[in-house]
Amino acid sequence: MTATFHAPPVIIYGGNALADLAPQLRRLGTSRILLITDPFMQANGVAAAVAGAVRAYGYHLEIFDDIQPDPTDLNVAAAVAALKQMDGDAIVALGGGSAMDTAKAAAVLATNDVPLAALEGVGNVPIRGVPLIAIPTTAGTGSEATKVAVITDTQRQVKMLLLDPFVMPTVAIVDYELTLSMPASLTAFVGIDTLTHGIEAYVSRRSTPISDLFALECVRLVARHLRTAVAEPDNHDARDGMMRAAMMGGMAFTNSSVALVHAMSRPIGALFHVPHGLSNAVLLPTVTRFSIDGNAKRYAEVAHAVGAATPDQDDGVACARLIEWLIALNDDLSVPLLRHCRGVSGDAFDAVKAKMAEDALASGSANHNPVVPDAAQIIRLYEEAY
Ligand SMILES: NC(=O)c1ccc[n+]([C@@H]2O[C@H](COP(=O)([O-])OP(=O)(O)OC[C@H]3O[C@@H](n4cnc5c(N)ncnc54)[C@H](O)[C@@H]3O)[C@@H](O)[C@H]2O)c1
Ligand SMILES: [Fe+2]
């Protein structure tokens with residue numbers, strides 16, 4: 001069996017990596033740049049500083065900041081319109097997964113004259129997009145190193161996946177100093193998104209020997225650094241560790257896959273606007289317990305990697321310890337139950353459970369889970385996690 005490995009052609013990593021942005025734009029031969037950023041980066045002045053540094057090189061740059069968490073097809077259309085209006089030849093994304101995914105979708109929509117929904121699915125992007133430099137400001141999604149963009153279709157109220165090598169950023173600039181401003185709860189939730197990427201990539205039915213390396217290093221780094229990054233926001237070593245974990249988690253799952261946690265979490269995001277990392281966190285212990293029988297050996301290896309189990313413990317014990325470890329992590333990081341997440345009421349949840357299960361199955365990620373569930377089992381898992 002063959003396996004393919006995709007990653008950004010260039011990754012610039014470390015404190016002050018951001019200083020390499022203008023030289024990278026020069027290398028790419030671009031000169032009219034749209035900076036897609038989220039309102040937080042606009043408000044705290046980082047976007048303006050980045051814009052100033054690029055303009056100082058003589059490039060024309062305009063800022064687009066109409067980004068919302070869980071970005072929509074409308075955000076993407078507006079970004080493409082802004083790029084066309086300025087006659088732009090490259091995009092820089094500065095922000096979390098929402099800004100980066102908007103930019104990734106806009107980059108390919110700019111060169112493919114079709115509705116965004118036509119690019120949905122696996123391998124449906126016919127033409128390469130405009131060059132894209134992705135600069136993450138959360139240590140979470142790893143989107144800077146993935147060939148997927150997640151965009152909400154406002155008509156169907158589902159999160160669409162655009163999964164294609166052409167969606168991979170041309171350059172990733174990964175500067176942990178940009179994450180120092182993340183408050184504790186954001187750090188915690190995006191960090192559990194990273195952990196979920198590492199675990200799901202490792203236990204996925206599509207795991208590969210190369211993605212395994214990144215997946216295990218990702219979970220090790222999260223175990224070592226996430227609690228510290230939450231408790232000590234200025235701890236550079238912990239921020240650095242989490243940033244590496246996020247990037248490696250992205251490199252792992254984009255070459256393996258995510259699985260049932262992500263399949264079930266996307267409908268929660270699309271319908272209730274629960275932040276992506278939080279919706280993963282509330283599901284992770286329950287879905288892991290359900291899935292362990294499908295590949296106890298791999299879950300035990302995860303337990304050993306995060307230090308939840310000792311080398312002398314057999315797979316059964318190690319898997320049990322892993323569940324306890326995940327529950328303790330959620331407790332330590334103050335992850336609420338799903339029913340306590342803002343906007344999720346009992347009646348509303350009951351009314352959409354069946355649709356959510358259908359959407360979870362339709363995304364395809366559930367098929368890569370060690371235990372492949374049916375709709376009734378997914379509904380039961382939603383109820384258990386609720
Ligand atoms: N493409 C991928 O590979 C991939 C993988 C996982 C998730 N996703 C998607 O990414 C999105 C979630 O991205 P996210 O978790 O990074 O959150 P986000 O981009 O939605 O940002 C969350 C909030 O954090 C703020 N923020 C960003 N950086 C900050 C900083 N340094 N300091 C303080 N506040 C900051 C933003 O303004 C926003 O309000 C979801 O739509 C999810 O589906 C994509
Ligand atoms: Fe994720």
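In each ligand, atom 1 is the first atom listed, and ligand 1 is the first ligand listed.
- The structure places OH of Tyr176 at 13.0 Å from CG of Leu18, a figure rounded to the nearest 0.5 Å.
- Tyr386 and Asp350 are not linked by any side-chain donor-acceptor pair at a separation below 3.5 angstrom, with hydrogens and angles left out of the test.
- Ion pairing between Lys355 and Glu358 fails under the 4.0 Å rule for side-chain N and carboxylate O.
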Let me check something: any side-chain donor-acceptor pairs from residues 307-320 under 3.5 Å, sequence neighbours excluded? List them with distances.
residue : atom : partner : partner atom : Å
Thr310  : OG1  : Asp312  : OD1          : 2.7
Thr310  : OG1  : Gln313  : OE1          : 3.2
Gln313  : OE1  : Thr310  : N            : 2.8
Asp314  : OD1  : Gly316  : N            : 3.2
Asp314  : OD1  : Val317  : N            : 3.0

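- The name of the N, O or S atom in Asp193 nearest to the Fe ion (ligand 2) is OD1.
- The NE2 atom of His197, the Fe ion (ligand 2) and the NE2 atom of His262 define an angle of 90° (nearest 10 degrees).
- For residues 49-76, the pairs satisfying salt bridge (charged side-chain N to carboxylate O under 4.0 Å, His left out) are Asp70-Lys159, with sequence neighbours left out.
- Using a 4.0 Å cut-off between charged side-chain N and carboxylate O, Arg380 and Glu384 make no salt bridge.
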Name every donor-acceptor pair, under 3.5 Å, that has one atom in a side chain of residues 119-132 and the other anywhere in the protein, sequence neighbours excluded.
residue : atom : partner : partner atom : Å
Glu120  : OE1  : Arg156  : NH2          : 2.9
Asn124  : ND2  : Glu120  : O            : 2.6

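- Residues with a heavy atom under 4.0 Å from ligand 1: Asp38, Phe40, Met41, Pro69, Asp70, Pro71, Gly96, Gly97, Ser98, Asp101, Lys104, Thr137, Thr138, Thr141, Ser143, Thr146, Val148, Val150, Lys159, Leu178, Ser181, Met182, Pro183, Leu186, Val190, Asp193, His197, Phe253, His276.
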